[in-house]
Every structure is written in structure tokens, then in C-alpha cells.
Amino acid sequence: MALLIDGKKISQQVVEEVATEVSDFIATYDVQPGLVVVLVGDDPASHVYVRNKIKRAAEVGLNSIEHRLPATCSQQELIDLIEALNNDEKVHGILVQLPLPEHIDEAEILNRINPVKDVDGFHPLNVGSLSSGKPSLVPCTPLGCMIMLKKVHENLSGKNAVVIGRSNIVGKPMAALLLQENCTVTILHSRTKNIEALCAQADIVVVAIGRPEFVSAHWIKPGATVIDVGINSIERDGRKKLVGDVDFSSVEEIAGAITPVPGGVGPMTIACLMKNTLTAAKIQILAKEVKHEFN
Ligand code: NAP
């Protein structure tokens with residue numbers, strides 16, 4: 001049976017580390033790191049995500065603020081809010097909850113966030129830095145996956161890693177992070193031929209496709225580590241249930257280690273948002289000190 005990679009437990013450790021560092025940061029600089037989450041519209045799932053983020057942020061000692069705009073708000077109103085937050089010294093992290101209403105250009109909005117406040121790591125500058133191996137604010141979900149992988153593998157160098165899914169928010173940054181750790185990385189997607197055979201060669205498999213229980217035991221090399229990013233709501237035996245992209249019950253028989261859903265990658269994503277906000281605050285305070293030094 002595979003080792004269960006407990007996302008709840010590991011995320012709690014991350015959150016506790018961040019809380020300690022936040023308290024040290026406040027004591028050193030007399031500045032409380034601030035996170036603003038912007039929510040546009042009435043999507044019920046987005047409301048739940050934002051509420052959880054705000055709650056967690058307050059728990060670690062961040063100054064967490066939610067900004068709500070109606071679904072009818074214009075692109076310019078949202079840009080004006082982001083500009084105001086970019087110029088607000090008390091705000092160190094800005095997160096615009098996705099998806100945005102259809103009339104708003106998502107890419108344009110993400111481009112407007114100051115890259116040093118971009119705690120989601122979606123700004124092109126941060127994307128470019130990550131893919132060229134430079135320090136950057138890294139998207140929270142892949143960052144969380146990486147922390148979990150490092151709990152299982154002291155050294156990832158030389159491992160064959162497969163990432164299934166090539167989205168900008170999970171698959172691509174995940175592949176970049178694995179490459180930084182000197183893994184040999186293969187990205188598989190909906191057009192990949194022989195996908196099962198390619199997957200079965202991997203020591204590490206990260207799955208982010210949004211297809212319930214799609215990856216089953218014969219895709220997995222015995223002893224491989226499997227990280228399941230998928231969150232899918234299905235109905236089974238007349239009840240709603242959350243499942244991943246991996247068929248947990250068959251894969252846990254063959255894998256060396258596996259994340260559950262729920263309780264795997266999900267809690268790590270929020271914990272990494274806290275971590276990124278602290279990182280953003282550190283970057284901004286250092287930049288301020290350097291500027292002060294040269295003036
Ligand atoms: P996405 O943007 O829809 O991308 C899905 C990717 O999967 C695409 O690259 C697609 O390939 C690939 N794909 C779809 N069907 C496939 C198939 N049959 N075989 C191989 N590849 C296939 O999804 P996402 O935003 O990355 O999210 C993926 C999953 O992770 C979802 O369940 C989402 O809810 C979950 N998620 C969880 C967290 C968390 O915190 N735990 C965070 C983010 C996302 P093409 O590019 O060829 O179309």
C-alpha cells in the first residue's frame with residue numbers, strides 16, 4: 001500500500017512556519033504583511049474559496065482584506081482598483097479570484113497587478129522568471145505539490161517526472177519547478193499518443209486534468225509517487241462526492257506514495273498563498289531598504 005501524503009498535516013506545518021515568520025517580520029519591521037483578495041460577481045464556489053483564503057490569512061497574522069465588486073463592474077473599474085492596490089504600501093499581496101465575468105479580459109487584469117504583489121504568480125514577468133529558472137513568485141498549487149514531493153524525496157535529481165495537463169496555472173509551472181530540481185520532465189496532454197505507456201515510465205506523476213478518476217493503476221510504475229491535483233464533484237450512490245483525477249483505490253495499491261482528494265493538494269494551495277504573501281512582503285521591504293540606501 002502506498003504511503004499517504006497528508007496534505008492537511010503538511011499544510012498545517014507550512015501555515016505554522018509562515019505564522020512564526022509573519023510575527024518575526026512584524027517585530028523586525030513594524031509592518032504587517034497585507035493580502036487583498038478581489039472578488040468580482042456572485043459565483044458561489046468563488047465566494048467559498050475567498051472566504052477560506054481570508055480566514056487562513058487572518059490566522060497566520062496577515063492583514064487580510066476582501067474587496068467585492070458586482071458582476072456588472074467594468075474592466076476599467078477593476079483596473080482602477082488594482083492600480084490603487086498597487087500603490088498602497090499596506091498591501092503586499094493582490095489576488096484576483098478567477099474566473100472573472102465574461103466581459104472582463106482576464107489576461108489584461110492579471111497583467112495590471114504589480115509583479116512583486118502577484119501572489120498567484122500569474123503575471124507574465126513571474127511566469128518568465130520561473131521558466132528561466134530565476135527566483136519568482138510561483139503559482140500556489142504547483143508550489144504546494146513541490147513541497148509535498150520534497151517530503152517524500154530528499155533528492156529529486158534525475159527522476160523521471162510526468163506532468164499530465166498543461167494549463168498555465170498548474171501543468172506548465174509544475175513542469176518548470178520539476179525541471180529546476182533536475183528531473184527529466186515530460187508533459188502529457190489531450191493530444192499525447194501512448195499516454196498510458198509514457199506515464200508508466202515515470203518515478204513521479206503529477207495529474208492536473210479535471211477528469212474524475214481518469215488515471216488508473218496500469219498507468220503507474222510500481223513505487224512511483226503520485227500527486228493528484230484534480231478536484232471533481234461526482235455523484236455516487238446518490239451522494240455528492242469529491243474525487244481527484246486519479247483512481248485512488250486502484251492506484252494506492254501500486255504507487256509508492258499518493259495524495260488523497262480531498263486532503264491532499266487542496267489545503268497546500270491555500271498554505272502556499274500565505275507563504276507567497278510573506279515572500280512578497282519580504283521582497284517589497286528589501287526593495288524599500290535598498291532604495292533608501294541609495295537615496
Ligand atoms: P485546465 O485548465 O482545464 O487544463 C486541463 C489540462 O488537462 C489541459 O492541458 C488538457 O489538455 C489536459 N487534459 C484534459 N483531458 C485530458 C485527457 N483525457 N488526457 C490528457 N490530458 C488531458 O485545468 P487546470 O486548471 O489545470 O485544473 C486541472 C484540475 O486540477 C481540475 O480538476 C481543477 O479543479 C484542479 N485544480 C485543483 C487545485 C487545487 O488547489 N487542488 C488548483 C487548481 C486546479 P489540452 O491542453 O490538450 O486541452
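As the structure lists them, so they are numbered: ligands from 1, and atoms in each ligand from 1. The model shown is predicted, which means the values in this text are computed figures rather than measured ones. When a residue number appears, it is its place in the shown sequence, counting from 1.
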*Write out the residue and atom name of the closest protein heavy atom to atom 29 (C) of ligand 1, then the distance separating them to 0.1 Å.*
G210 N, 3.6 Å

*Lys/Arg N to Asp/Glu carboxylate O, K241 vs E235, below 4.0 Å*: no

*Identify, for atom 22 (C) of ligand 1, the protein heavy atom at the shortest distance, and state residue, atom and that distance.*
I209 CG2, 3.5 Å

*Is E66 paired with K55 through a side-chain N to carboxylate O contact shorter than 4.0 Å?*
no

_Counting non-hydrogen protein atoms only, what is the nearest one to atom 18 (N) of ligand 1? Give residue, atom name and distance._
F214 CZ, 3.3 Å

*Any donor-acceptor pair under 3.5 Å linking the side chain of N126 with the backbone of P115?*
yes

*asked:* Quick test of your reading of the model: are E17 and K275 salt-bridged, counting only N-O distances below 4.0 Å?
replied: no

*From L242, V265, I169, V229 - option closest to atom 37 (C) of ligand 1 by heavy atom*: V229

*Charged N to carboxylate O below 4.0 Å: is that the case for E89 and K288?*
yes

*Residue, atom name and distance, where the atom is the protein heavy atom closest to atom 28 (C) of ligand 1*: A208 C, 3.5 Å

*asked:* Return the closest protein heavy atom for atom 47 (O) of ligand 1 as residue, atom name and distance.
replied: S190 OG, 2.5 Å

*asked:* If you scan the protein for heavy atoms around atom 2 (O) of ligand 1, do you find one that is closer than 4.0 Å?
replied: yes

*Please write down residue, atom name and distance for the protein heavy atom closest to atom 43 (C) of ligand 1.*
V170 CG2, 3.8 Å

_Can you confirm whether V163 sits close enough to L188 that some side-chain heavy atom of one is under 4.5 Å from a side-chain heavy atom of the other?_
no

*Side-chain ion pair, E181 and K159, N-O less than 4.0 Å*: no

_Closer than 4.0 Å to some heavy atom of G230 - which atoms of ligand 1 meet that?_
29 (C), 30 (O), 32 (O), 35 (C)

*Identify which of H189, M268, R166, R191 has a heavy atom lying nearest to atom 46 (O) of ligand 1.*
R166

_Does ligand 1 come near enough to T269 that some N or O of the ligand is less than 3.5 Å from an N or O of the residue?_
yes

*State the atoms of ligand 1, each with its element, that fall below the 4.0 Å cut-off from a heavy-atom position in N232.*
32 (O)

*asked:* What I want to know is whether I231 and ligand 1 share at least one N or O pair that is separated by under 3.5 angstrom.
replied: yes

*For the pair V206 and V229, evaluate side chain to side chain contact (heavy atoms under 4.5 Å, CB included) and give the outcome as yes or no after the intermediate values.*
CA-CA 7 Å; V206 181; V229 180; 3.9 Å; yes

_Any G266 heavy atom less than 4.0 Å to ligand 1_ = yes

*Under 3.5 Å donor-acceptor, K117 side chain and V91 backbone*: yes

*For M174, the option from L179, L143, L149 that meets side-chain contact (heavy atoms from CB on, under 4.5 Å)*: L149

*Which residue and non-hydrogen atom of the protein lie closest to atom 16 (C) of ligand 1, and at what distance in Å?*
R211 NE, 3.8 Å

*Tell me: protein heavy atom nearest atom 23 (O) of ligand 1, and distance?*
S167 CB, 4.3 Å

